[in-house]
Amino acid sequence: MMRTLFIIVSLLTSFKITANPGQFDMPTRQGECSRTAYFAYIKAGSVDALKKHITPKADHIKALEKHGISNVSFWLDQIGEKTIVICYHRIANQHPDKAWTAAMADPDLHPWMKACNSYLVKKDEQPAWERMETLCLITRKEAMHDKEGNPLPLVSRHMAATILKPEKEMDYRLLHQNMWQGVSETIGACKIPVFDLFLTEIDGQLIEIYYFDYVGSDLDASFKKMAADPITRRWWKLTDPCQSPLPGAPEGNNWRDCNPM
């Protein structure tokens with residue numbers, strides 16, 4: 001009897017976990033696209049040349065969409081002695097590495113990719129681009145539409161970077177595996193429908209980046225609203241000690257903006 005009851009409880013618990021998409025509103029669990037970030041080291045003295053080639057043209061965008069790759073944006077940052085380019089994008093219905101492998105073999109994309117890759121550092125047989133680890137993807141559907149249900153246009157994109165302290169890595173991971181519902185809701189209330197966190201190692205440091213879409217009309221006001229939320233302030237008291245700002249970050253802020261290319 002007790003064994004039967006245990007099995008029933010286990011099944012019910014399993015069903016509850018499976019049926020609930022969770023506080024992250026993870027897009028892959030909602031049958032939507034996922035989001036991914038890759039980075040590459042830029043050869044010395046090649047930043048300006050790369051900028052001239054890297055922005056995809058209309059025919060490139062169309063060809064990328066054939067492979068499920070969309071919303072591609074490129075960002076520039078300096079991490080220690082390394083200059084890096086970050087590629088953020090959305091991937092539909094397949095693993096990102098598989099999508100990019102197919103895209104690289106596409107004759108409509110190969111010349112563009114080859115030109116861009118000529119300015120990147122490539123180690124032996126390893127690809128120039130390295131995929132960052134995804135820490136969390138937050139989708140807030142309520143921030144995607146106005147009161148009448150009309151889709152809100154994208155106003156701006158944002159990316160920033162910080163250092164994750166090695167001794168705090170596990171604490172930080174556990175926090176984001178158990179994202180507070182109030183924090184996620186406040187992100188949506190601040191007109192941010194998409195907020196993503198990625199992690200990698202660059203120049204001997206754990207580097208974390210965030211990316212978000214903004215659909216509001218006053219970013220400063222949205223940030224003030226976020227900072228006034230008591231749940232978010234408690235959250236920051238736990239996450240901020242896990243990070244060290246990169247050189248050039250604003251005073252009192254762990255995050256330094258990356259530059260769009």
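For clarity, every value in this text was computed on a predicted model and none was experimentally measured.
- Other residues, nucleotides and ligands contribute at most 12 non-hydrogen atoms within 6.0 Å of the NZ atom of K62.
- Between E208 and F198, the closest side-chain pair of non-hydrogen atoms is not below 4.5 Å.
- The minimum heavy-atom distance linking P56 with F74 is given by the pair CD-CE1, 3.9 Å.
- With contacts defined as side-chain heavy-atom distances shorter than 4.5 Å, the pair Q243/P245 does not qualify.
- The distance from the OG1 atom of T232 to the CH2 atom of W180 is 9.0 Å, given to the nearest 0.5 Å.
- At a threshold of 4.0 Å, the pair E169-K165 does not count as salt-bridged, since none of the basic side-chain nitrogens sits closer than that to a carboxylate oxygen.
- At least one donor-acceptor pair closer than 3.5 Å links the side chain of N178 to the backbone N or O of L174.
- The side-chain heavy atoms of M144 and L152, taken from C-beta on, include no pair separated by under 4.5 Å.
- A donor-acceptor pair under 3.5 Å is formed between the side chain of H60 and the backbone N or O of K57.
- Checked for salt-bridge contact, E65 and R90 miss the test: no charged N lies under 4.0 Å from a carboxylate O.
- Within the model, atoms CG of L64 and NE2 of H89 stand 9.5 Å from one another, a figure rounded to the nearest 0.5 Å.
- Checking T162 against N254 by side-chain atom types alone, no donor-acceptor pair falls below 3.5 Å.
- Defined by atom type and a distance below 3.5 Å, a donor-acceptor pair is present between the side-chain atoms of E185 and Q181.
- Considering every non-hydrogen atom in both G149 and H145, the closest pair reads O-CD2, 3.3 Å.
- One distance of note links CE of M170 with SG of C242; it measures 11.5 Å at 0.5 Å rounding.
- Using a 3.5 Å distance cut-off with no hydrogens or angles, the side chains of N71 and Y88 do not pair a donor with an acceptor.
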#### Entry: Intermediate values then yes/no, salt bridge (charged side-chain N to carboxylate O under 4.0 Å, His left out), R173 and E133
CA-CA 12 Å; R173 287 180 179 275; E133 180 186 1; 2.7 Å; yes
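- The NZ atom of K52 sits 13.5 Å away from atom SG of C116, with the distance rounded to the nearest 0.5 Å.
- A donor and an acceptor atom, one from each side chain of Y38 and D97, are located under 3.5 Å apart.
- Taking 4.5 Å as the limit, every side-chain heavy atom of K225 sits out of range of all side-chain heavy atoms of T186.
- Counting only heavy atoms from C-beta outward, the side chains of I84 and L76 never approach each other to under 4.5 Å.
- For E81, the CD atom is loosely surrounded, since the number of other residues' heavy atoms within 6.0 Å does not exceed 12.
- With rounding to the nearest 0.5 angstrom, the CD1 atom of I42 is 6.0 Å from the OG1 atom of T83.
- A donor-acceptor pair shorter than 3.5 Å can be found between the side chains of H67 and D106.
- In this structure, K114 and N117 have side chains that are not in contact, with every pair of non-hydrogen atoms separated by 4.5 Å or more.
- You'll find the side chain of L164 stays beyond 4.5 Å of the side chain of I207, heavy atoms only.
- Defined by atom type and a distance below 3.5 Å, a donor-acceptor pair is missing between the side-chain atoms of W100 and H95.
- T139 and R35 share a donor-acceptor pair across their side chains, judged by distance under 3.5 Å alone.
- Two residues are said to be in side-chain contact when any heavy atoms from C-beta on lie closer than 4.5 Å; Q177 and L135 fail this criterion.
- In this structure, SG on C136 lies 4.0 Å from CG on L197, to the nearest 0.5 angstrom.
- Under the 3.5 Å distance criterion, with hydrogens and angles disregarded, a donor-acceptor pair is assigned to the side chains of Y214 and S222.
- Separation of the H158 and Y211 ring centroids does not fall under the 6.0 Å cut-off.
- For the pair R140 (side chain) and A189 (backbone), a donor-acceptor distance under 3.5 Å is absent.
- The distance between the ring centers of F39 and W129 does not fall below 6.0 angstrom.
- Neither side chain, W112 nor D59, offers a donor N or O lying under 3.5 Å from an acceptor on the other.
- With respect to K82 and D77, no salt bridge is recorded, no charged nitrogen being found less than 4.0 Å from a carboxylate O.
- Both L238 and Y210 sit in one connected hydrophobic cluster of ILVMFWY residues. Membership requires side-chain heavy atoms under 4.5 Å apart, directly or through other members.
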